[in-house]
Undergrad: 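Encoded as structure tokens, here's the structure I'll be asking about.
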2 protein chains.
Amino acid sequence: METKYNMVKRAIQSDIMDGTYLPHQKISSESELMAQFKVSRHTVRLAIGDLVAKGWLYREQGSGTFCADREEEQDTIQAVERKNIAIITTYISDYIFPSIIRGAESILSQAGYQVSIFSTNNDHEKEREILEKILSQPFDGVIVEPTKSAFSNPNINYYLNLERLSIPYIMINAYYDELEPMSLVMNDEKGGFIQTEHLIQLGHTEIAGIFKTDDLQGTQRMKGFLKAHRRYGIPLNPKNIITYHTEEKETKPVQELEKMLFSEEARDITGLVSYNDELVMNVLNLLRNKRMQVPGDLSIVGYDDSFFTEVSEVKLTSVAHPKSDMGKAAAKTILDLIKRKNSNKVNVSKQLEPIVYDPSLIVRGSTVKVGGVEVS
Amino acid sequence: METKYNMVKRAIQSDIMDGTYLPHQKISSESELMAQFKVSRHTVRLAIGDLVAKGWLYREQGSGTFCADREEEQDTIQAVERKNIAIITTYISDYIFPSIIRGAESILSQAGYQVSIFSTNNDHEKEREILEKILSQPFDGVIVEPTKSAFSNPNINYYLNLERLSIPYIMINAYYDELEPMSLVMNDEKGGFIQTEHLIQLGHTEIAGIFKTDDLQGTQRMKGFLKAHRRYGIPLNPKNIITYHTEEKETKPVQELEKMLFSEEARDITGLVSYNDELVMNVLNLLRNKRMQVPGDLSIVGYDDSFFTEVSEVKLTSVAHPKSDMGKAAAKTILDLIKRKNSNKVNVSKQLEPIVYDPSLIVRGSTVKVGGVEVS
DNA sequence: TCCGATTTGTTCGTATGTATG
DNA sequence: GCATACATACGAACAAATCGG
């Protein structure tokens with residue numbers, strides 16, 4: 001059970017961290033806070049007193065309570081050398097993130113840094129909590145994989161606050177456009193393009209595409225999918241595209257595909273471009289039940305070149321993802337930014353050019369010429 | 001004009017400075033101070049609150065207010081605000097550890113703790129470095145998966161130091177016998193037993209076993225493998241057993257198996273007990289090249305019930321591993337230990353009984369009656 | 001320069017909840 | 001179970017500083 005003064009305290013801290021209150025700005029008066037939270041003056045003063053003691057606020061009698069400037073103080077704290085870096089991902093255990101985390105951890109621990117991990121579960125609210133935690137502690141740098149990157153982010157202010165406190169951060173896999181942060185991403189549009197191009201060059205003309213549309217990767221890959229069709233003059237039936245959101249990943253895409261392939265109005269799909277390898281595994285289960293052959297009846301191109309490509313019976317054609325290399329590069333970049341910051345004392349997050357990984361296709365057994373025999 | 005609470009404050013400070021109150025000694029209770037200075041309780045609390053914030057005193061509900069030991073102030077002041085837990089695993093990204101880490105992270109972050117991760121790469125030297133780092137920082141608890149747990153550990157002293165500093169730690173998957181720590185492990189001997197028993201009950205008598213012998217899990221599973229043979233009166237040819245160390249995992253076990261199955265002195269092996277599912281994947285690749293059918297020609301039992309069991313064409317019979325449940329349980333246990341420590345001020349690491357997970361076999365398509373048809 | 005409204009500072013009283021020994 | 005000690009929360013009153021008119 002949370003205490004009232006703690007609620008007030010956290011609310012004020014939030015307002016400080018998301019930039020509602022800027023340094024030296026006056027915060028709401030005690031009576032305003034009393035009304036706002038429907039608590040007694042005593043409770044408000046208790047909350048404010050705590051924050052004053054911790055150096056978040058300062059009071060001036062007769063004038064008001066003000067947001068403190070915690071930046072100057074930062075230096076003194078940093079004198080105590082504690083090298084700490086935060087990694088925020090959407091999911092810790094799923095899929096390719098462990099590789100990314102491992103890559104980053106190996107570099108960072110070698111450089112004497114300690115790595116703290118956080119996962120948002122692709123939820124903006126959780127992301128906010130994590131950013132608040134990071135802002136209230138002495139982190140030297142942050143590596144973040146954006147949550148629901150296709151949508152505008154309600155936590156932009158927290159990232160701006162990182163900049164204000166000159167804590168370097170970089171984004172991997174995707175980035176929030178508004179921030180123009182240093183980032184390490186794939187050229188996902190090109191990735192989607194070469195996935196599709198590969199099938200087109202094998203003679204496929206009726207190609208289904210399944211894309212996750214709540215992150216930037218998915219929307220970009222879909223863009224590449226469309227572009228390839230246009231480039232090669234292949235007419236694209238809008239019904240060939242299936243989109244889904246993270247929460248639906250276990251159900252909707254496979255259900256929709258089942259409809260597309262096996263319902264009465266089924267069309268003669270011969271190729272499939274998948275958002276990623278993980279999804280292909282679900283698709284393969286469906287096809288196995290329906291006695292459909294891969295690649296005989298359906299050629300499939302995955303994305304990420306994950307371990308799935310090797311363990312399934314049909315080795316999967318897939319787009320290579322840098323994975324642990326990306327993690328390592330991210331780690332090196334953040335170390336570089338920290339070094340620059342400590343020498344220049346200026347915000348350099350945006351001085352570096354984003355690193356864009358060019359995708360390349362790893363052709364394996366899951367794709368063949370349309371109607372054709374396995375190439376192997 | 002001096003305020004009342006300031007008088008009380010200065011009086012207490014004086015008593016601390018002139019040695020009337022020694023570190024960790026209980027000071028007068030609030031009601032005593034009320035009488036002594038003839039002020040209200042609120043005023044006393046205001047004075048004490050100030051001194052607590054400045055680190056001169058600390059309060060314990062139900063017990064009293066105590067003089068702080070300002071020698072160790074640096075440590076305590078950080079420890080109070082920073083709820084930090086370390087997780088040490090052998091490998092961060094491989095296999096089932098991501099699930100364990102995720103399970104632990106979800107519980108710990110919910111409890112407001114921050115999770116720092118370290119990986120030893122199964123190397124004692126790296127483990128030592130990590131333990132040194134942890135000992136020099138304010139961690140509240142440590143969850144550790146032992147490195148090379150089958151061997152005696154050269155870093156025992158570091159763990160004893162954790163105990164001396166009363167930092168709770170627990171071990172998962174295995175434990176160093178000398179320490180008798182709180183641990184969460186599987187009954188690996190029983191696991192190896194039921195793997196083998198399953199094949200025996202299907203009529204197999206020539207069963208190969210592959211075990212990793214540098215961790216406790218592997219040696220225990222091998223023990224179960226032997227026990228099952230004895231129990232059922234099946235003679236066991238020592239040549240049916242292959243052992244390997246972590247560094248050899250990509251080469252030796254498969255090479256040895258190839259020799260066992262396909263060389264001139266090959267024997268008629270019909271069943272295979274594998275240290276884990278990951279290894280089975282390598283085995284399956286070998287068998288595919290050799291055009292050997294699973295389960296038709298060889299029945300295979302894996303261990304860990306990992307994602308591999310579901311993605312391969314032949315669904316794998318395997319022993320269930322608690323994975324993220326184990327991570328969650330580990331997190332809850334360490335939180336419990338921290339709570340006890342903060343209340344009792346004694347080392348309680350060893351007061352809890354180790355949690356042992358009983359293994360259970362998940363039967364899928366990779367095992368059939370000897371010489372028989374697939375059961376499906 | 002003073003006034004009055006606002007805002008924080010100090011102090012009292014009271015009540016109930018929760019942890020400790 | 002009980003007394004003790006700290007924790008949370010409400011209410012009220014007056015003091016002292018600030019600021020705009």
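Each chain gets a letter, A, B and so on, in the order the sequences are listed, and its residues count up from 1.
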Undergrad: Near DNA chain D, which residues from residues 40-49 of chain A have a heavy atom under 4.0 Å away?
TA: A:S40, A:R41, A:H42, A:T43

Undergrad: Looking only at side-chain atoms of A:T3, point me to the closest of D:dA9, D:dA5, D:dA7.
TA: D:dA9

Undergrad: What integer distance in Å separates B:F66:CZ from C:dT20:P?
TA: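 Spelled out: CZ on B:F66 to P on C:dT20 is 11 Å.
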
Undergrad: Indicate whether OP1 or OP2 belonging to D:dC10 is found under 4.0 Å from a side-chain N or O atom of A:K38.
TA: no

Undergrad: What's the NZ-P distance between B:K4 and C:dG9, to the nearest Å?
TA: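 So the NZ-P distance, B:K4 to C:dG9, works out to 19 Å.
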
Undergrad: Pick the closest DNA chain D nucleotide for B:G64 and for A:G62 by heavy atoms, then say which residue is nearer the 5' end.
TA: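 Going by which nucleotide is closer to the 5' end, it is B:G64.
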
Undergrad: Please check if any side-chain donor atom of B:Y5 sits under 3.5 Å from a side-chain acceptor atom of B:S40, or the reverse.
TA: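 Checked: B:Y5/B:S40 side chains show no N/O donor-acceptor pair below 3.5 Å.
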
Undergrad: For A:T20 and A:D18, which I'm curious about, is there any donor-acceptor pair between the side chains at under 3.5 Å?
TA: yes

Undergrad: Distance check needed: D:dA17 P versus A:E30 CD, whole Å only.
TA: 16 Å

Undergrad: Are A:E132 and A:S14 linked by a side-chain donor-acceptor pair shorter than 3.5 Å?
TA: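 Note: A:E132 and A:S14 side chains meet the donor-acceptor criterion.
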
Undergrad: With a cut-off of 6.0 Å (strictly less than), are more than 12 heavy atoms of other residues, nucleotides or ligands near OH of B:Y176?
TA: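 Yes, enclosed.
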
Undergrad: Starting at CD of B:Q61 and ending at P of D:dC6, how long is that distance when rounded to a whole Å?
TA: 10 Å

Undergrad: Classify the ring geometry of A:Y169 against A:Y159: parallel below 30°, tilted from 30° to 60°, perpendicular beyond 60°.
TA: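 If you compare the ring of A:Y169 with that of A:Y159, the planes turn out tilted.
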
Undergrad: OP1 or OP2 of D:dC6 less than 4.0 angstrom from a side-chain nitrogen or oxygen of B:T65, does that happen here?
TA: yes

Undergrad: Find the distance B:Y58:OH to D:dA7:P and express it as a whole number of Å.
TA: 13 Å

Undergrad: Once you round it to whole Å, what is the distance between P of D:dC19 and NZ of A:K26?
TA: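 In whole Å, D:dC19 P and A:K26 NZ are 11 Å from each other.
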
Undergrad: Mind running side chain to side chain contact (heavy atoms under 4.5 Å, CB included) on A:H42 and A:E30 for me, showing each step along the way?
TA: CA-CA 9 Å; A:H42 184 248; A:E30 290 176 356; over 6 Å; no

Undergrad: Atom CD of A:E60 to atom P of D:dA16: distance rounded to whole Å?
TA: 19 Å

Undergrad: Going by distance alone, is a donor N or O of one side chain under 3.5 Å from an acceptor N or O of the other, for B:S119 and A:E105?
TA: yes

Undergrad: Which nucleotide wins on minimum distance to the side chain of A:Y5, given the candidates D:dT8, C:dG9, D:dC10?
TA: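 The nucleotide sitting nearest to the side chain is D:dT8.
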
Undergrad: Side chain of B:S29 only, please: which of D:dC10, D:dC6, C:dG9 is the nearest?
TA: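 From the listed options, D:dC6 comes nearest.
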
Undergrad: Can you tell me the distance, in whole Å, between the CE atom of B:M34 and the P atom of D:dT4?
TA: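 That distance rounds to 14 Å.
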
